Structures are given as structure tokens and as C-alpha cells.
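Hydrogens, waters and symmetry mates are skipped; everything else that's a heavy atom, side chains included, is used. Chain letters run A, B, ... following the sequence lines, proteins first and then strands; every chain starts at 1. Note that this is a predicted model, so its numbers are computed, not measured.
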2 protein chains.
Amino acid sequence: MMGEMTLSLRRLRAWLRLLRLVRGLENQLREFLRVDYNTTLPRFDVAAALYRHDGPLKMSDLSKQLLVSNGNATSVVDRLEKEGKAKRVPLKEDKRVVLVELTTEGREWFSEIAKSHEKQVNKIFSGLTDQDLDQLRDLIRIVEITNRITESVNDEKNA
Amino acid sequence: MMGEMTLSLRRLRAWLRLLRLVRGLENQLREFLRVDYNTTLPRFDVAAALYRHDGPLKMSDLSKQLLVSNGNATSVVDRLEKEGKAKRVPLKEDKRVVLVELTTEGREWFSEIAKSHEKQVNKIFSGLTDQDLDQLRDLIRIVEITNRITESVNDEKNA
DNA sequence: GCTTAAAATTTTAAGCTTGAAATAAATTTT
DNA sequence: AAAATTTATTTCAAGCTTAAAATTTTAAGC
């Protein structure tokens with residue numbers, strides 16, 4: 001008994017377990033950001049996307065990058081802007097477009113948290129060796145390819 | 001170049017990539033539930049927990065199982081109850097406790113969706129073989145152990 | 001037995017998130 | 001060039017989510 005399991009069911013079980021793991025880890029990181037830095041995951045995520053991008057980012061590219069709706073990006077950027085950590089800048093060539101970037105204060109704030117965040121993540125995944133990370137990368141890649149989830153922001157070609 | 005990367009940074013990158021993958025897949029499943037069954041992920045998740053549990057489930061065990069707050073469980077159960085898919089039942093021995101279970105309608109509704117949901121998940125992970133799933137299970141287990149995330153609901157011993 | 005503390009759930013306020021509708025600007029069609 | 005379509009963003013309503021406060025009931029200490 002127990003050897004009898006369809007591949008389909010195994011995949012379902014794996015997904016449920018993965019989902020639960022990721023939620024648990026997200027909860028840990030949410031708690032960490034709240035307690036130690038009085039901020040939230042969405043704000044951190046938006047700041048991270050802005051920090052890592054070279055130059056200001058279009059609202060639409062931001063929401064694509066984070067895989068959230070445009071309305072969501074709007075509301076989180078609103079809050080970061082109120083906190084003085086991000087600012088919107090218009091694009092002269094196309095008045096529909098709104099660009100966002102971190103302010104100097106926002107960059108300093110983020111880079112401070114990011115150091116601590118990396119340590120936290122490193123602790124969470126301290127059980128994974130280089131070889132484990134290779135395996136994980138390969139597994140993720142397989143699923144990404146099956147579902148056409150790409151890493152980069154600029155992929156207009158995908159139509 | 002590019003060979004130079006600390007283990008800590010590799011772990012961070014892996015986490016960000018995993019998080020993005022899981023979000024993308026959740027978005028797919030959310031869309032599927034919305035379009036094909038006019039329901040939502042949280043309702044499906046609660047129903048799944050109730051369906052899989054043998055007998056009615058305490059509100060607090062439900063939220064522990066799903067790794068969400070008690071208030072969250074309350075609101076989602078409220079909606080399922082309004083839809084006639086779940087119902088609350090009091091526990092005579094302890095009047096503080098509220099148990100929840102699926103109604104007959106709720107069970108039929110869920111089992112219908114669940115079949116289709118499993119097919120959807122199977123498609124999403126169609127690139128993963130049995131061996132891949134073994135690997136994934138091992139990797140998940142390592143991180144679970146590091147972070148003391150257990151699978152079962154009944155673990156009062158964890159104190 | 002009374003009081004205090006602990007436990008289970010709900011309520012509340014604030015923020016997050018989605019999907020759809022609205023707005024505004026650019027592009028394409030005629 | 002006017003009209004129609006497409007694109008970018010915001011607004012909106014509804015639902016999701018959290019953390020903290022409030023409520024109710026049970027258990028523990030005195």
C-alpha cells in the first residue's frame with residue numbers, strides 16, 4: 001500500500017505541499033518585515049523591483065514583474081509615495097505612461113532592509129547546499145517552461 | 001564571471017524565483033476557478049481542507065491548516081456558509097469551540113471542482129517526472145524541517 | 001466559590017488584491 | 001483629419017488578509 005499513486009495525484013500533492021511551504025515562509029518574512037522594519041511584504045516587493053531596475057520603471061512593467069494587477073501596483077505605489085520612498089515621474093514622449101522610481105530616502109531605506117532580508121532568507125534556506133540549489137533551479141525551470149513564465153520584464157515578443 | 005556567487009545570494013535568488021513561479025501558478029488556478037466555476041481560491045482552499053478532514057473541523061485548526069489568521073478563516077467560512085456550502089456546528093463539551101463542515105451540497109460542489117482542479121494541476125506540472133517529484137519532495141522536506149513547518153493539523157506537542 | 005488567567009472565536013480597522021469600468025492619450029483606419 | 005481602436009493608468013466595488021481588540025467560555029489559583 002502507498003506505492004499506488006498516479007503521477008497526477010503525486011503532482012497535486014507536491015503542489016499542495018509546495019504552496020503550504022511557500023505560505024509559511026512568506027508568513028515568516030512578513031512578520032520579520034513588520035516587527036523589525038515596520039513595513040509590509042507588498043511594499044518591500046515593489047521597492048525591490050524598483051531598486052533592482054536600472055532607472056525608473058513603467059507602472060505596467062512593475063505590475064508585470066510582480067505578477068499583480070495594475071490596480072494593485074497603483075495602490076502600493078501610492079503608499080510608498082506617501083511615505084516619501086517612491087515618486088512618480090511622467091514620460092514626456094508618451095503622456096499615458098507613468099514611471100516610478102525610488103527616492104534617495106527610499107533607496108537608502110530599501111538597501112538597509114535588503115541586507116537584513118537576505119540574511120533572513122539565507123537562514124530559512126540554510127539547509128540547501130549548492131547542489132540542492134542546482135536541483136531546485138532545474139525543477140523550477142521545467143515548470144516555468146511548461147507554463148511560459150519568463151524571468152525578464154521586457155518580453156514584448158511574447159504575443 | 002557569474003561563477004562568483006555566495007551561497008547566501010544563490011539562496012535569495014532561488015527564493016525570489018520560486019516565489020514568482022508560485023504566484024504565476026496561483027494566478028492560473030485563480031483564473032481557472034473564476035472562469036470555469038465562478039469561485040475563488042480561498043473558498044476552494046477552505047472547502048478542500050474541510051473535504052479532506054474526517055468529520056467537522058475546529059475553526060482554529062482550519063486556520064492553522066491553511067496558515068492564515070483566525071479572522072481570515074472566519075470571513076471565508078461566512079461566505080461559504082451564505083452560499084450553503086458549509087455550516088457551523090457547536091461543540092457541546094466546550095461552548096467556545098466552533099466546528100465547521102461541508103454541507104451535502106458543498107461536498108458535491110467541491111468534489112466536482114476537485115476533479116477538474118487535479119487535471120489542471122497535472123497539466124501545470126506535466127513536465128515533472130516521478131524522479132523529479134522525489135527530488136522536489138526532498139528539497140521541500142529540508143526547508144520544512146529547517147523551519148519547523150509540519151504537515152499535520154494535530155500537533156499540540158509543538159510548544 | 002471567586003478571581004484571574006488562558007483559550008477560541010469574532011469583530012474591527014487598515015491594508016492588499018482582483019477584475020471591471022472609467023479616463024486619457026496615442027495609434028490606426030477610413 | 002475625424003472616427004474608431006488600442007494602450008496605459010487609475011478608480012471602484014467587492015472580497016481577501018492581517019493584527020489587534022473585544023467577547024465568550026473554560027481552566028487555574030487562591
| message | Using Watson-Crick or G-U wobble geometry with both distances under 3.5 Å, which nucleotide pairs with D:dT9? | response | C:dA22
| said: Tell me which nucleotide, if any, is Watson-Crick or G-U wobble paired with D:dG29 when both distances must be under 3.5 Å. | reply: C:dC2
| said: Between B:Ser75 and B:Asp78, do the side chains contain a donor N or O and an acceptor N or O under 3.5 Å apart? | reply: no
| note | When every non-hydrogen atom of B:Asn70 is compared with those of B:Ser63, the smallest separation belongs to OD1-OG, 2.7 Å
| message | I want to check something: taking the side chain as every heavy atom from C-beta on, are A:Glu31 and A:Gln28 in contact at a cut-off of under 4.5 Å? | response | no
| request: Measure the distance from CD on A:Glu26 to C1' on C:dC16 and round it to the nearest whole Å. | output: 12 Å
| Could you state the NZ-C1' distance from A:Lys82 to C:dG15, rounded to the nearest angstrom? | 11 Å
| query | A:Glu93 CD to D:dA8 P: how many Å, rounded? | reply | 14 Å
| remark: Scoring nucleotides 12-25 of chain D by protein non-hydrogen atoms under 4.0 Å (B base, S sugar-phosphate only, - none) yields ---SSBBSS----B
| Watson-Crick/G-U partner (both atom distances under 3.5 Å) of C:dT30 | D:dA1
| said: With a 4.0 Å cut-off on N to O distance, would you call B:Arg10 and A:Asp134 a salt bridge? | reply: yes
| Which class fits the ring pair B:Phe125 and A:Trp15: parallel under 30°, tilted 30 to 60°, perpendicular over 60°? | tilted
| said: List the residues meeting ring pair (Phe, Tyr, Trp, His ring centres under 6.0 Å) with B:Phe44, not counting sequence neighbours, and say none if there are none. | reply: B:Phe110, B:His117
| field | Interatomic distance where CZ belongs to A:Arg88 and C1' belongs to D:dA8 [whole Å] | value | 12 Å
| query | Whole-Å distance between D:dT26 C1' and B:Lys92 NZ? | reply | 18 Å
